[in-house]
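Below: one structure, written as C-alpha cells.
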Protein chains: 2
Amino acid sequence: MARPTIADIARQAGVSKGAVSFALNGRPGVSEETRRRILGIAEEMNWRPHSAARALGGAKAGAVGLVLARPARTIGVEPFFAQLLSGLQAGLSAHSTALQLMVVEDTAAEIEVYRRWASEHRVDGFVVVDLQVRDPRIAVLEQLGVPALVLGGPGRHGTLPSVWADDREAMISTVNYLAALGHRRIAHLAGLPAFQHTQRRIRALRDSAKRLGLTEALSVPTDFSDAEGAAATRALLTRSRRPTAIIYDSDVMAVAGLGVAMEMGVAVPGDLSIVSFDDSTLTRIVHPPLTALSRDTFALGEQVARTMLAAIADPEAVHDLKNPTPRLTVRESTAAPRPE
Amino acid sequence: MARPTIADIARQAGVSKGAVSFALNGRPGVSEETRRRILGIAEEMNWRPHSAARALGGAKAGAVGLVLARPARTIGVEPFFAQLLSGLQAGLSAHSTALQLMVVEDTAAEIEVYRRWASEHRVDGFVVVDLQVRDPRIAVLEQLGVPALVLGGPGRHGTLPSVWADDREAMISTVNYLAALGHRRIAHLAGLPAFQHTQRRIRALRDSAKRLGLTEALSVPTDFSDAEGAAATRALLTRSRRPTAIIYDSDVMAVAGLGVAMEMGVAVPGDLSIVSFDDSTLTRIVHPPLTALSRDTFALGEQVARTMLAAIADPEAVHDLKNPTPRLTVRESTAAPRPE
DNA sequence: CGGTGGACCTAAACCGCTATAGTTCGGGCG
DNA sequence: CGCCCGAACTATAGCGGTTTAGGTCCACCG
C-alpha cells in the first residue's frame, strides 16, 4: 500500500476516521480497548501523520525557523554557530520539531524570509540571532504575530523574549585577569559595531580600564573576518608602543592574530598575551593553545530550543532567560608581560 | 484581514477559486485580462500560498532534507560542511526551496529520519553525504521512492545519482608533488575507514607509493577529530625514522598536527612538510599557512542543489556528475626535506 | 439554422487530518 | 417504566489549495 491514511486505519479497525484521530492523539472519545486496537493497527501499517495535512487544519507546522544574514560564502569557520546549531537541533528534535535553516545575504532579505515563512505557515516560530543596535527585525516580528526568540541581550529587543549571557561581566573578568598579570596596555579586536554585544563589550572594556587605571585600552572594530583580524593585529603590533595583550571577539580572529604574531616574530605569550572571547576546538588545536572565555554553546542551543518550544506553546508565559556567564579558561597564550 | 486565501481573492475579483488558482500559477484557463486583474488583487492583498495546503494536494513540499549523522557536539569546526551548506542553501533558495536540516547521533537514527520525513511528505528529496563502504542508507532510500542524491563517489551507491569529485586523482597529484620535492617517507592521516572516500585515498596513496618507489607510505585511520589527529601526529613524530611529510585528510587535523609539531620543536616545513586535503580559512590563518587541496566547496553545494532540483523534477533524467578535481594550492608548509 | 468546437469559467471533489455536532446505547434514578 | 445523562462513536464540515468535469457563450461551418 502506498501510504496509509487514517481512513485506511479506520476501515481496517471498523471505526470512523474521527475515532482513529482521537485514538492516535491520545484524546478522550474512545475506550481504552479501542484505542489500543487502533494504535496496534496504525503501528502495523506503519502509519505516520502527514505533516501538511496537520498544518492545514490550523495546527502547528512542526518546524522552527532560523535565518542567518551573512554573505553566503562566509559561514566558513564559525565554530560558535555550528555548535549552537547542533544544540538547537538536539533540543528541537527531542520534541520532533524540525529546524528550517536559511542563509541570506542581508537583513532586508532576512526580513523578507520571515514574512514569507510566516504567511506560508512554514514554521511555528523564529530564532533571531546577531541582535543589532537598532534592529529593524524586531518590529517586523512583533507585527507578524509569530513567536520569536532573541538570542542575545540584554538590550532593546522590544517585547520579544530573549535568551542571553552576560558578556559584560565576562569582559570585565577577562580584563581583571590581564590587569592582575600586570598588563597595562590592552587592545580589543571587536566585532561589527552594529551588533549590540559588540557595543556592550567595548563599553565594558572602557569602564574596566578606567576603574583599573590602565594606560591604554583600545577597541578596534572589525567585520569578524580572519582577514580583518589579521590586518588589525598587524597594525597594532607595528606601533611603537604596542599592546601587551589583545582580546579577540572571536576564535577565528584570535587564531589569525596568533598567526600574525608568529610571522612577525612576536612571542606568545612572552611578548603578547592573547585571549579569545569564544572558545572552541580551534583555540585548543593551535600552538600555544589560547586562553579563552568558555561557555557551553551546545547547551545554549538546547536552552534556546526549549525556550522556543515553550514560547510556541504559550507566548505569554515566556520571559527573558539568563545563561551562565562565560568563564575564563586559562591556557598557554597568556602570561605576565615582560618588565619594561 | 487575517490571512487572505484564494477564496478572498476570488470573491474580490468576482470569479471562482479555480480561476484564481489558474491565474496565480500561470496555467491556461483564464484570459490574459482576467489573469492580470487577479494578479493585481493578489498583490494588493499581499497573498502568499499556504505551503501546507499546496503540499496536501499531492504537490511538492518545497523543501530538501539533509541529515547528518555525527555526535551532535562534533560539528564544531568543519569548514567543509559549513561551506557546503551555504552553497546548498544558495542553490536551493534561488528556486525558493528550503533546506530541512537535522543532525542525529548515528546512521540508524538517520535512516529513521528519512523514513519519517518521507512519510510525512516533509521534503521532496534527500541529499546524502558521508558515503560509507557498505552503506545501509542506500537501500532504504531506493525503497522509499523519494529522490535522493549522493554526494561522493564513484563507488557503490546503487541506483541513486551522485555528484562527486576525483579524490583519487587529487591524492596522486599530491604524492607526486611531495615525491618531486624529494620526500621518500610520507604518512597519511586518514579519516574514518568506514567512509568510501577514505578507502579511495588510502588506495591511491598505496598505488602511488609503489609506482614512485617510495621508502614508506603509511595510512593511519582516525575519526577525523582534532584529538586523534594530534595524537597520531605525536606518535608519528616520536618514531625513530619519522616521516618527512604528512598528508592530513581534513584541515582540522592538519592544524592540530601543526600544533603538535610546534610543541615538539619539529620545524615546518624544515623538518616536516604538511599538506591538508581540505582547504579553508583555517589553513590560511595559521602560521605557516598550509599547502592544501583546494576546491570550491560553495560551488559544489550549488551544484548539488541544482542536481537535486533536477532530480525532483524528473528522477529519470539525472545521472552522475563529476566535479573538478581539487587542485593543490602550495603555501609555506611544504618544502624539500633536509638531506640525510 | 443546427451542429461543432474552442475559449473562458464555475462548481465541486479531493488531499489527510482535526474539530464539532450529532447519534446510539446502556444504565442509574425517581 | 420512562427519562435523562454520559460514554463511545459516527458523520460531516472545514483547512487552502489543485484539479477535473462540466457549462456558457459565441464564432464558424456545412
Side-chain angles (χ1 to χ4, degrees), chain A residues 1-39 41-42 45-63 96 116-124, chain B residues 1-39 41-42 45-63 96 116-124:
Chain A
M1 162 139 32
R3 195 196 135 68
T5 72
I6 55 167
D8 297 322
I9 300 178
R11 202 174 315 118
Q12 182 87 15
V15 296
S16 72
K17 282 176 17 178
V20 174
S21 180
F22 289 147
L24 292 171
N25 294 297
R27 15 174 75 248
V30 285
S31 67
E32 211 34 61
E33 190 205 329
T34 313
R35 182 189 306 278
R36 258 198 299 280
R37 190 159 48 89
I38 291 176
L39 288 178
I41 294 176
M45 293 176 112
N46 195 27
W47 176 89
R48 308 292 164 85
H50 191 303
S51 60
R54 273 222 169 120
L56 191 48
K60 301 287 156 229
S96 47
R116 202 173 68 229
W117 284 3
S119 63
E120 288 178 355
H121 270 205
R122 209 177 254 289
V123 297
D124 299 319
Chain B
M1 161 140 29
R3 190 195 140 70
T5 73
I6 55 167
D8 298 322
I9 299 178
R11 201 174 317 118
Q12 183 87 14
V15 295
S16 71
K17 279 174 25 175
V20 175
S21 179
F22 290 146
L24 292 171
N25 293 296
R27 22 176 68 246
V30 285
S31 67
E32 213 30 65
E33 189 204 329
T34 313
R35 180 188 307 277
R36 258 196 301 278
R37 191 159 49 89
I38 291 175
L39 287 179
I41 294 175
M45 293 176 111
N46 195 29
W47 175 88
R48 308 290 166 86
H50 191 302
S51 61
R54 273 222 170 115
L56 191 49
K60 302 284 156 233
S96 47
R116 201 173 68 229
W117 284 3
S119 62
E120 288 178 355
H121 270 207
R122 209 178 254 288
V123 297
D124 300 319

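These values consider heavy atoms only, across backbone and side chains, with no hydrogens, waters or symmetry-generated copies. Letters A, B, ... mirror the listed sequences (proteins, then strands); counts begin at 1. Quick caveat, the model's predicted, so the values are computed rather than measured.
Taking only side-chain atoms of B:L56, from C-beta outward, the nucleotide of D:dT19, C:dT18, C:dG16 with the closest atom is C:dG16. The side chain of B:S31 sits closest to C:dC9 out of D:dC9, C:dC9, D:dT18. Closest to the A:W47 side chain, of the nucleotides D:dT18, C:dA11, C:dC17, is C:dC17. With distances taken from any side-chain atom of A:S16 to the nucleotides D:dA11, C:dC17, C:dC9, the minimum falls on D:dA11. Here the nucleotide nearest the side chain of A:A53, chosen from C:dG16, D:dG16, C:dC9, is C:dG16. Of all nucleotides listed (C:dT20, C:dT10, C:dG16), C:dT10 comes nearest to the side chain of B:F22.
The interatomic distance linking B:E32 (CD) with C:dC8 (C1') rounds to 13 Å, in whole Å. In this structure, CG of A:N25 is placed 11 Å from C1' of C:dA19, rounded to the nearest angstrom. For the pair A:I6 CD1 and D:dC15 C1', the interatomic distance rounds to 14 Å; values are reported in whole Å. Here the P atom of nucleotide C:dA7 and the CD atom of B:E33 are 17 Å apart, to the nearest Å. The distance between atom CG of B:L24 and atom C1' of D:dT19, rounded to the nearest whole Å, is 15 Å. Atom pair B:H121:NE2 and C:dC14:P shows a separation of 19 Å (rounding to whole Å applied). The CZ atom of A:R36 sits 13 Å away from the P atom of D:dA8 (whole-angstrom rounding).
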**Prompt:** Does the pair A:R11 and A:D8 meet the rule for a side chain to side chain contact (heavy atoms under 4.5 Å, CB included), with working shown?
**Reply:** CA-CA 5 Å; A:R11 202 174 315 118; A:D8 297 322; 3.4 Å; yes

**Request:** Tell me, with the steps shown, if A:K17 and A:T5 meet side chain to side chain contact (heavy atoms under 4.5 Å, CB included).
**Result:** CA-CA 9 Å; A:K17 282 176 17 178; A:T5 72; over 6 Å; no

**Item:** B:W47 and B:L24: CA distance, side-chain angles, deciding distance, side chain to side chain contact (heavy atoms under 4.5 Å, CB included) verdict
**Value:** CA-CA 10 Å; B:W47 175 88; B:L24 292 171; 3.7 Å; yes

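The pair A:R35-A:E32 meets the salt-bridge criterion, with a side-chain N (NZ, NE, NH1 or NH2) lying under 4.0 Å from an Asp/Glu carboxylate O.
The residue B:V15 sits close only to the backbone: its heavy atoms come under 4.0 Å of sugar-phosphate atoms, none of a base. B:R27 comes within 4.0 angstrom of sugar-phosphate atoms only, judged by non-hydrogen atoms across all strands, and of no base. Note on A:P28: nothing from the nucleic acid sits closer than 4.0 angstrom, heavy atoms only. B:R35 comes within 4.0 angstrom of no nucleic acid atom, judged by non-hydrogen atoms across all strands.
Not a single donor-acceptor contact under 3.5 angstrom links the side-chain atoms of A:K17 to the base of C:dG16.
A distance-only check finds no donor-acceptor pair linking the side chain of A:R27 to the backbone of A:F22 [under 3.5 Å]. No donor-acceptor pair closer than 3.5 Å links the side chain of B:R122 to the backbone N or O of A:S51.
Phosphate contact (OP1/OP2 of C:dT18, side-chain N/O of A:S21, threshold under 4.0 Å): present. Between B:T34 and the phosphate of C:dC9, there is a side-chain N or O to OP1/OP2 separation shorter than 4.0 Å. Between B:R54 and D:dT18 there is a side-chain polar atom (N or O) within less than 4.0 angstrom of OP1 or OP2.
Where B:A19 and B:H50 meet DNA chain D, the nucleotide closest to each residue was compared, and B:H50 sits on the side nearer the 5' end.
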